[in-house]
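Here the structure comes first, spelled out in structure tokens, and everything after it is commentary.
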Amino acid sequence: MPAARRMKGELSEADLLDALRRGDRQAFAAAIDRCGDTIYHVAYRLLGSREEAEDILQETFLQAFQHLKDFRGEARLCTWLYRIAYNLALMRLRRKEPETISIDQPILLENDEEVPRELFDWCCLPEEELLRAELRSVLDEAIRSLPTSLRIVFLLRDVEGLSTEEVAQILGISTDAVKTRLHRARMQLRERLSQYFAGELAGR
Amino acid sequence: MPRSKRCEEWLGQISLYLDGELAEHLCRELERHLVECPDCHVVFNTTRRTIELYRRYGRVSMPGEARERLFRTLNLDDLLRDESGSG
């Protein structure tokens with residue numbers, strides 16, 4: 001078995017970091033395979049294109065590997081990489097859409113946007129029914145409709161499965177803010193999906 | 001739409017409940033409310049299902065070609081060949 005693969009997911013965090021600092025090239029490959037998917041996903045969901053997601057993926061690892069000495073090991077290696085990727089993606093987003101609000105600003109709620117309106121009960125329909133309804137594009141569309149500050153929290157917490165604390169570190173916000181934004185994101189997505197499924201599946 | 005003040009308050013807690021962060025006695029109260037209130041029950045179930053669907057279908061992974069190009073950019077392409085060559 002090649003060394004790069006042997007390293008994947010098996011090295012402890014400390015060993016991987018030591019190897020990276022020694023300039024061990026197999027450790028670089030292992031870091032890519034450990035953290036690359038989430039970096040790509042974050043960049044893709046923030047920027048909306050595969051080309052730009054790949055740019056961010058490359059920039060993140062180039063920057064990180066050049067500045068390994070700055071990483072003091074206070075967070076997980078992946079957490080540090082996600083933070084770099086997130087900041088790079090956010091900078092690019094602000095260049096593209098200067099009106100994008102700061103992730104740090106409090107979110108103002110308008111017109112009770114979190115009060116559930118659509119109460120069509122689609123929770124227990126068989127998955128084939130939901131899948132037939134072009135589920136993936138519906139999911140993509142709904143998550144794209146979220147404000148950036150909610151979208152990023154939802155995808156890191158619920159889709160990528162990171163802890164509240166880790167997401168707070170990546171975004172540089174408090175754990176309470178992570179929880180609040182996660183709840184708002186879930187409510188807005190639920191509403192979107194419910195409206196869609198009510199239109200597609202109700203009354204059949 | 002669930003209208004009562006109580007419903008609003010309970011719906012504000014369902015994320016904490018789903019994440020296992022709601023105090024035990026409040027969990028029991030919320031569960032009682034969900035049994036009694038069909039609207040909140042729908043919101044609760046569809047929220048949980050929303051999260052499940054995204055967990056299962058919402059992830060986008062780094063494509064193989066993007067990974068290859070990244071390895072080349074970082075001059076790691078020999079490791080790429082090494083890996084693909086030996087199955």
Side-chain angles (χ1 to χ4, degrees), chain A residues 1-5 25-26 28-29 32-33 36-41 44-45 50 53-54 57-58 61-62 65 112 114-125 127 130-131 135-136 139-140 142-143 154-155 157-161 164 179-180 182-184 186-187 189-190 192-194 197, chain B residues 1-4 7-8 10-22 37-87:
Chain A
M1 181 189 285
R5 183 178 297 175
R25 299 170 67 256
Q26 282 155 357
F28 288 109
I32 292 169
D33 286 333
D37 279 336
T38 300
I39 291 170
Y40 184 87
H41 186 196
Y44 176 72
R45 292 289 188 200
R50 294 193 170 272
E54 189 171 340
L57 181 71
Q58 298 217 0
F61 281 105
L62 281 168
F65 291 161
D112 296 334
E114 261 117 51
V115 178
R117 288 159 208 282
E118 179 52 66
L119 293 171
F120 171 62
D121 190 2
W122 53 275
C123 88
C124 307
L125 289 168
E127 205 135 286
L130 303 178
L131 284 171
L135 180 63
R136 276 172 206 276
L139 295 179
D140 283 350
I143 200 168
F154 179 80
L155 81 90
R157 276 285 287 123
D158 276 348
V159 189
E160 293 293 331
T164 300
K179 290 178 193 177
T180 307
L182 180 63
H183 181 66
R184 289 175 178 170
R186 286 170 171 174
M187 289 296 105
L189 289 173
R190 189 215 76 88
R192 290 258 168 181
L193 296 193
S194 296
F197 287 127
Chain B
M1 136 176 39
R3 288 183 190 283
S4 86
C7 291
E8 268 180 48
W10 281 126
L11 290 176
Q13 305 293 317
I14 63 175
S15 278
L16 291 177
Y17 178 88
L18 288 170
D19 294 334
E21 292 179 4
L22 194 62
C37 177
D39 285 355
C40 284
H41 198 244
V42 169
V43 175
F44 176 80
N45 278 341
T46 49
T47 301
R48 188 164 57 187
R49 192 87 167 103
T50 296
I51 298 166
E52 279 171 16
L53 287 178
Y54 275 101
R55 280 200 182 132
R56 196 166 315 159
Y57 301 109
R59 197 152 194 253
V60 176
S61 298
M62 163 175 65
E65 309 82 61
R67 179 175 174 274
E68 281 179 27
R69 284 190 287 269
L70 176 60
F71 271 60
R72 291 208 182 88
T73 302
L74 296 167
N75 296 319
L76 299 170
D77 30 349
D78 55 319
L79 297 177
L80 207 55
R81 276 199 300 278
D82 183 22
E83 180 157 311
S84 59
S86 57

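Below, all heavy atoms of this structure are taken into account, side chains as well, without hydrogens, waters or symmetry copies. In what follows, chains are A, B, ... by sequence order, proteins preceding strands, each numbered from 1. Because the structure is predicted, anything quoted here is derived from the model rather than measured.
Of the atoms belonging to A:I39, not a single heavy atom falls under 4.5 Å from chain B. In this structure, the portion of B:E21 lying under 4.5 Å from any heavy atom of chain A is its side chain and not its backbone. Heavy-atom distances place no part of A:A53 under 4.5 Å from chain B, backbone and side chain included. For a residue to count as touching a neighbouring chain, one of its non-hydrogen atoms must lie under 4.5 Å from one of that chain's; by this rule A:L193 touches chain B with the side chain only. At a 4.5 Å heavy-atom cutoff, the contact between B:R56 and chain A is made by side-chain atoms alone.
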*Hey, mind stepping through A:W122 and B:T50 against side chain to side chain contact (heavy atoms under 4.5 Å, CB included) and telling me if it holds?*
CA-CA 10 Å; A:W122 53 275; B:T50 296; 3.5 Å; yes
*Apply the test side chain to side chain contact (heavy atoms under 4.5 Å, CB included) to residues A:M187 and B:I14: give CA-CA distance (whole Å), side-chain angles for both, the deciding distance (0.1 Å), then the verdict.*
CA-CA 10 Å; A:M187 289 296 105; B:I14 63 175; 3.5 Å; yes
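Side chain of B:R49 to main chain of A:C123: a donor-acceptor pair is present (N/O by atom type, distance under 3.5 Å, no hydrogens or angles). B:R59 contributes no side-chain N or O that, together with a main-chain N or O of A:E160, makes up a donor-acceptor pair within less than 3.5 Å.
Taking each heavy atom of B:L76 and A:A29 in turn, the nearest pair found is CD1-N, 4.1 Å. When all heavy atoms are compared, the tightest approach of B:P63 to A:R50 is CG-NH1, 4.0 Å. Contact between B:L11 and A:P116 at its shortest, heavy atoms only, is CD1-CG, 3.6 Å. For the pair B:L53 and A:L139, the tightest heavy-atom approach, listed with the atom from each and the gap, is O-CD1, 3.9 Å.
Chain A forms the most heavy-atom pairs under 4.5 Å with one residue out of B:N45, B:L16, B:D19, and that residue is B:D19. Contact count versus chain A (heavy atoms, under 4.5 Å) is highest, among B:V60, B:I51, B:L74, B:V42, for B:V60. Per-residue counts of heavy-atom pairs under 4.5 Å with chain B were compared for A:T164, A:T180, A:L57; the largest is that of A:L57.
Residue A:R190 holds its CZ atom at 5.5 Å from OG1 of B:T47, rounded to the nearest 0.5 Å. Taken from OH in B:Y54 to CD1 in A:I143, the straight-line distance is 5.5 Å, to the nearest 0.5 Å. To the nearest 0.5 angstrom, B:Y57 atom OH is 13.5 Å from A:D140 atom CG.
Applying the side chain to side chain donor-acceptor pair (under 3.5 Å) test between B:S15 and each of A:H183, A:R157, A:K179 identifies A:H183 as the sole match.
Qualifying ring pair (Phe, Tyr, Trp, His ring centres under 6.0 Å) partners for A:Y40, counting only residues two or more places apart in sequence or in other chains: none. Considering only residues two or more places apart in sequence or on other chains, B:T73 meets the side-chain hydrogen bond (donor to acceptor under 3.5 Å, both in side chains) condition with A:Q58.
Looking at B:D78 and A:R25, a side-chain N of the basic residue comes within less than 4.0 Å of a carboxylate O on the acidic one, giving a salt bridge.
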